[in-house]
Amino acid sequence: LAGSTLKMNQGLRILVEEALIPFNYAINSCTLNPANCLGIADRKGSIRVGRDADMVVLDTDYSVIQTYCMGKPQL
């Protein structure tokens, strides 16, 4: 999981800083779009009532500060 998170962080950084994609579109490409492709967007990929509450909190250099799985802190 840590390796895939690191790759996702790097992909987000590239989209925002190098490809100049607006952050809201870039974050969807790392969250909601994959959930849609996997057919799990009813519970993953966005923050809404009734979703799984899996989240990653990043700092300004895209390093992971905290992760949550089902709303519970994991770091």
Side-chain angles (χ1 to χ4, degrees):
L1 178 61
S4 63
T5 301
L6 180 61
K7 291 176 186 174
M8 186 69 71
N9 295 356
Q10 196 63 263
L12 180 60
R13 184 196 65 74
I14 290 168
L15 287 173
V16 172
E17 294 182 6
E18 296 179 25
L20 303 177
I21 303 295
F23 187 80
N24 59 317
Y25 292 109
I27 200 72
N28 279 344
S29 74
C30 297
T31 59
L32 186 56
N33 295 351
N36 279 324
C37 289
L38 294 169
I40 58 173
D42 61 325
R43 64 183 193 277
K44 305 275 187 197
S46 62
I47 301 171
R48 293 186 183 188
V49 173
R51 303 291 167 101
D52 285 352
D54 298 339
M55 295 182 279
V56 175
V57 180
L58 305 175
D59 66 11
T60 57
D61 71 350
Y62 304 92
S63 296
V64 175
I65 296 173
Q66 180 67 288
T67 60
Y68 296 88
C69 184
M70 301 298 287
K72 296 182 176 149
Q74 300 298 306
L75 284 179

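Because only heavy atoms are used, hydrogens play no part in the values below, and waters and symmetry mates are left out as well, while side chains stay in.
Residue-environment remark: CD1 (Ile65) exceeds the threshold of 12 foreign heavy atoms within 6.0 Å.
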Self-check item: side-chain contact (heavy atoms from CB on, under 4.5 Å) evaluation trace for Val57 with Tyr68
Solution: CA-CA 8 Å; Val57 180; Tyr68 296 88; 3.9 Å; yes
Quiz item: Should Thr67 and Met55 be marked as a side-chain contact (heavy atoms from CB on, under 4.5 Å) after you check the CA-CA gap, both sets of side-chain angles, and the distance that decides it?
Solution: CA-CA 6 Å; Thr67 60; Met55 295 182 279; over 6 Å; no
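The closest side-chain heavy-atom distance from Val16 to Ile21 is not below 4.5 Å. The shortest distance between side-chain heavy atoms of Leu15 and Ser29 falls below 4.5 Å.
Residues that satisfy the side chain to side chain donor-acceptor pair (under 3.5 Å) test with Asp61, not counting sequence neighbours, are Ser63.
For Gln74 against Gln66, the heavy-atom pair with the smallest separation is N-OE1, 3.9 Å. In terms of heavy atoms, Ala35 sits closest to Gly45 at CB-CA, 3.9 Å. Considering all non-hydrogen atoms of both residues, Ile27 and Thr31 come closest at O-OG1, 2.7 Å. What you find for Tyr62 and Asn9 is that their closest heavy atoms are O-ND2, 3.0 Å.
Here Asn33 contributes atom CG and Tyr25 contributes atom OH; the two are 11.5 Å apart, rounded to the nearest 0.5 Å. For the atom pair CG of Asn36 and CG of Asp42, the computed distance is 10.0 Å after rounding to the nearest 0.5 Å. Rounded to the nearest 0.5 Å, atoms OG (Ser46) and CG (Leu32) are 5.5 Å apart.
No donor-acceptor distance shorter than 3.5 angstrom exists from the side chain of Asp52 to the backbone of Met70, with no hydrogens or angles considered. A distance-only check finds a donor-acceptor pair linking the side chain of Arg51 to the backbone of Ala41 [under 3.5 Å].
With hydrophobic clusters built from ILVMFWY side chains whose heavy atoms lie under 4.5 angstrom apart, Leu58 shares a cluster with Phe23.
Pairs of residues two or more places apart, or lying in two chains, that qualify as salt bridge (Lys or Arg N to Asp or Glu O under 4.0 Å) and include a residue from residues 16-37 are Arg13-Glu17, Arg13-Glu18.
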